[in-house]
Amino acid sequence: RAASAKLSSHLMDASLQDELLRLLQTEKVWKVRLEVIHAIGELRVMSAKKELQKMIASPHSHPEEKSAAIEALVLL
């Protein structure tokens with residue numbers, strides 16, 4: 001799943017962007033979530049902005065996730 005998320009960042013498909021947003025909200029595997037965050041930033045998925053902000057503010061997010069979320073927000 002992580003590799004799929006990484007490869008998806010090169011496609012501009014609306015249904016793929018919806019799936020990435022869903023994965024951002026539900027994925028439990030840390031490595032997959034990290035790749036999803038990177039793909040969201042590269043695809044500039046504006047609908048993920050609030051989720052990324054929540055992730056940055058959450059005390060439960062890993063530092064690497066927070067860093068990736070900040071980078072993704074900058075790309076948006």
Side-chain angles (χ1 to χ4, degrees):
R1 288 189 314 248
S4 296
K6 190 172 188 171
L7 288 173
S8 71
S9 66
H10 301 290
L11 305 172
M12 295 292 196
D13 181 30
S15 62
L16 177 61
Q17 291 182 14
D18 291 341
E19 180 63 16
L20 287 171
L21 183 58
R22 185 191 68 76
L23 285 172
L24 181 64
Q25 297 166 341
T26 62
E27 182 59 51
K28 302 290 185 213
V29 178
W30 174 81
K31 177 69 175 166
V32 176
R33 267 194 328 264
L34 196 58
E35 291 301 334
V36 166
I37 295 166
H38 287 290
I40 283 172
E42 289 183 32
L43 287 172
R44 292 164 175 75
V45 181
M46 293 301 293
S47 57
K49 187 174 184 177
K50 286 187 180 185
E51 287 298 320
L52 293 170
Q53 290 170 334
K54 281 192 237 178
M55 185 175 287
I56 293 166
S58 173
H60 304 292
S61 296
H62 293 276
E64 292 89 349
E65 287 177 312
K66 288 183 180 194
S67 176
I70 291 167
E71 289 177 21
L73 279 174
V74 168
L75 291 174
L76 298 181

> Rounded to the nearest 0.5 Å, how far apart are CD of Glu35 and NE2 of His38?
Replying inline: 5.5 Å
> Going hydrophobic residue to hydrophobic residue with side-chain gaps under 4.5 angstrom, can you get from Leu52 over to Val32?
Replying inline: yes
>> Can you pull out every salt bridge (charged side-chain N to carboxylate O under 4.0 Å, His left out) where at least one residue sits in residues 52-61? Sequence neighbours excluded, please.
In response: Glu51-Lys54
> Which residue pairs satisfy the salt bridge (charged side-chain N to carboxylate O under 4.0 Å, His left out) criterion with at least one member in residues 14-25, sequence neighbours excluded?
Replying inline: Glu19-Arg22
> What heavy-atom pair brings Ile56 and Ala69 nearest, and what distance separates the two atoms?
Replying inline: CG1-CB, 3.7 Å
>> Is there a side-chain contact between Leu76 and Leu73 in this structure, where contact means two heavy atoms from C-beta onward sitting under 4.5 Å apart?
In response: yes
> Can Met46 be reached from Leu23 by stepping across I, L, V, M, F, W or Y side chains whose heavy atoms are under 4.5 Å apart?
Replying inline: yes
> Can you name the residues that form a side chain to side chain contact (heavy atoms under 4.5 Å, CB included) with Ser47, not counting sequence neighbours?
Replying inline: Leu21, Val45
> Taking only residues at least two apart or on different chains, which pairs with a member in residues 51-70 satisfy ring-ring contact (aromatic ring centres under 6.0 Å, His included)?
Replying inline: Trp30-His62
> So how far is it from Lys50 NZ to Leu24 CG, rounded to the nearest 0.5 Å?
Replying inline: 14.5 Å
> Looking at residues at least two apart in the chain, or sitting in another chain, which of them share a side chain to side chain contact (heavy atoms under 4.5 Å, CB included) with Leu75?
Replying inline: Arg44
>> Could you see if Leu34 belongs to whatever hydrophobic cluster contains Ile70? Use Ile, Leu, Val, Met, Phe, Trp, Tyr and a side-chain cutoff under 4.5 Å.
In response: no
>> Please give me the minimum heavy-atom distance between Leu43 and Leu20, naming the atom from each residue.
In response: CD1-CD1, 3.5 Å
>> Which residues pass the side-chain hydrogen bond (donor to acceptor under 3.5 Å, both in side chains) test with Lys66, not counting sequence neighbours?
In response: none
